[in-house]
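A short write-up of the structure that comes next.
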Amino acid sequence: MREVVLEPAVRQLELLRTGGISVTQLAEAHIAQIERLNPVLNALVDFDADRARAWALQLESTPIAERGPLHGLPITVKSSIAVAGYRCEIGSTINAGNIPSEDAETVRRLRNAGALILGTTNCPELLMAYETTNLLHGRTLNPWDLERSPGGSSGGEAAAIAAGLSAAGLGSDSGGSVRQPAHFTGICALKPTPGRMPSRGHLPPCVGPFSTVGAIGPMARTVADLSFLFQTIGGQDLLEPGSPPIAYAEPALSDLRQLTIGVFEDDGLVPVTPETRAAVQAAAAALREAGFRVEEIRPRSLEALRQLWTKLFVQCGAMFYEPTIRSRHHELSPIFLEFLEIAKSLPPLSPAQLLDVWAQLDLLRAETLAELSSHPILLCPVASIPAFRHGERSWLVENQQVAYLDAVRHTQWFNVLAAPAVVLPVGRSPEGLPIGVQVVAQPFRDEIALGVAAILEKSFGYRPPPMALSS
């Protein structure tokens, strides 16, 4: 039964529907994988096997006519997204023991669709890092190499899905936090257009600039899984001011092929590894082979987008957290203190500068989207490097030293644009680590990004890390 936990979520659902496996059998297979690997990976921070078994039995007794589209599918949720009855502490001792009484809207929809929620997963303290570690629950390890990080801030979620501890799950992304972990662990992720999947119930709330740069998004082993989750639990939330009334609409292949894809391997400032270039080139070649017109383009505004992201995420993020952490710095994890040091190293923003940042957000988005109107799909790297070793903060790439935040700038651009972006695995590093690429579409055209990524996946796709299969 071990191999079934590594099947795509849509395949597991098919087995459940056709009687190839029961809800309790599938739950037991995942429980066994969690009990075998989670003590090593430290991906799940709240998991109770008996609670999962009881829920599986309850789901199994549900009349067939009342079963939802995710009936019996074992799922995990990042511990910054409220799950009633589960620890959702955002990796912080300040929030130790926090157990929400109500589900986030996306979690409520998961439950209504019949999903079996196994537990919540680890994240860096207060989400402000690209590595998953904290004083409360410790460090999460990458199933491809235990000496390396699964990324952040949805690192626990990515490690769980990559190793078959979960069929799929939910993460959140304000600077690459579902996409960089997917790239590091060899799975798929979607950062949707903000509002197309409800963010209500995220901890902390996606408000102010984070209503533009932040989003809850699905993570899974295949693009088909992402699409099914997006279709099933996405859609307008009438209680969320920025949630648009847009219904899911899957594009036809003939319509997708009418769109010109722009491809670039770097931003001209920060290099990427040769294997990362090769992955982008291989993806571009596969799309050309599939009948797409692919042209080289490098958006002019990438560095301006990155600089604006730094002000919105780093500086405004530190300002948002100040009331929470005031006089409690002695309780904070080193990784969050590192974030505060980065924020402190930047010139403070005056009220007038904050107003200008807010205006520049709209102006720069409009300018960039106008430039890219002839190339409504982009193909580019996820990061300069594959998964880094725990605690690493600088890398030599093509004879140039690349710093921590610079190495992952490739995701930040699209948070500022509020554009949907899909990551899927394409290449491998010399050490055998996964390398993903990003497929980016215009805001609100999430289905186009998913459609192009699904075509690309036919030439590449998920492979399980060896430890997920070994005894």
Side-chain angles (χ1 to χ4, degrees), residues 130-131 142 144-145 148-152 158 173 175-189 191 261-288 294-307 309-310 368 372 375 377-389 392-417 419 421-440 449 453 456 459-460:
Y130 290 95
E131 179 175 1
N142 190 321
W144 282 94
D145 181 345
R148 296 177 187 266
S149 175
D173 189 316
S177 291
V178 300
R179 289 165 290 156
Q180 181 246 19
H183 162 65
F184 275 17
T185 60
I187 65 168
C188 302
K191 183 206 81 69
I261 299 174
V263 59
F264 60 99
E265 299 169 14
D266 61 47
D267 65 353
L269 298 173
V270 175
V272 301
T273 66
E275 296 77 27
T276 300
R277 291 190 189 280
V280 175
Q281 291 166 1
L287 289 171
R288 289 188 180 102
V294 181
E295 299 176 350
E296 292 187 7
I297 180 176
R298 181 184 285 156
R300 294 187 298 271
S301 58
L302 294 178
E303 177 59 11
L305 290 168
R306 185 203 63 81
Q307 292 176 7
W309 177 87
T310 300
T368 307
L372 296 176
H375 296 80
I377 304 167
L378 295 177
L379 175 67
C380 67
V382 188
S384 288
I385 55 172
F388 54 72
R389 290 179 177 84
E392 278 188 329
R393 292 296 181 267
S394 181
W395 304 270
L396 186 65
V397 180
E398 294 188 343
N399 297 315
Q400 182 175 329
Q401 208 66 37
V402 176
Y404 174 48
L405 292 184
D406 281 335
V408 288
R409 56 175 46 208
H410 314 72
T411 51
Q412 300 160 6
W413 304 322
F414 306 116
N415 290 96
V416 177
L417 276 183
V422 177
V423 164
L424 70 156
V426 167
R428 287 288 181 273
S429 75
E431 304 90 345
L433 300 169
I435 295 176
V437 299
Q438 284 191 99
V439 178
V440 185
L456 190 54
S459 301
F460 305 102

Between [X] and [Y], is there a donor-acceptor pair closer than 3.5 Å when you use the side chain of the first and the backbone of the second?
X    : Y    : value
Q438 : V423 : no
W413 : L302 : yes
S384 : P271 : yes
Y130 : Y404 : no
R288 : V294 : yes
Q412 : G176 : no
T273 : T276 : yes

Report yes if some heavy atom in the side chain of [X] is under 4.5 Å from a heavy atom in the side chain of [Y]; otherwise report no.
X    : Y    : answer
E275 : E431 : no
V263 : Q281 : no
R428 : P434 : yes
N142 : S149 : no
D267 : R306 : no
W144 : S429 : no
L379 : V439 : yes
T368 : V416 : no

Quiz prompt | Under-4.0 Å salt bridge between R277 and D266 | solution =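 D266 and R277: salt-bridged.
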Quiz item: Less than 4.0 Å between a side-chain N and a carboxylate O, is that true for R409 and E303?
Solution: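 Yes, this pair counts.
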Quiz item: For the side-chain contact (heavy atoms from CB on, under 4.5 Å) test, which of I435, V437, T411 pairs with H183?
Solution: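 Looking at I435, V437, T411, the match for H183 under the side-chain contact (heavy atoms from CB on, under 4.5 Å) is I435.
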What heavy-atom pair brings [X] and [Y] nearest, and what distance separates the two atoms?
X    : Y    : answer
A387 : L433 : O-CD1, 3.8 Å
P299 : L378 : CG-CD1, 4.4 Å
A453 : V422 : CB-CG1, 3.6 Å
H410 : A383 : ND1-CA, 3.5 Å
I187 : P425 : O-CD, 3.4 Å
C380 : F414 : SG-CE1, 3.8 Å

Quiz item: When you look at CZ of R300, are more than 12 heavy atoms from neighbouring residues, nucleotides or ligands closer to it than 6.0 Å?
Solution: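 At most 12 heavy atoms, drawn from other residues, nucleotides or ligands, come within 6.0 Å of this atom.
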Quiz item: In this structure, are over 12 heavy atoms from other groups packed under 6.0 Å from Q401 atom CD?
Solution: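 Yes, the 6.0 Å shell around CD holds more than 12 heavy atoms from other groups.
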Exercise. Determine the interplanar angle of the F388 and F184 rings, folded into 0 to 90°, and report it as parallel if under 30°, tilted if 30 to 60°, perpendicular if over 60°.
Key: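 Rings of F388 and F184: perpendicular, as their planes differ by over 60°.
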Nearest 0.5 angstrom please: [X] [atom1] to [Y] [atom2], how far?
X    : Y    : atom1 : atom2 : value
L305 : T310 : CG    : OG1   : 11.0 Å
Q180 : T185 : CD    : OG1   : 9.5 Å
L269 : D406 : CG    : CG    : 8.5 Å

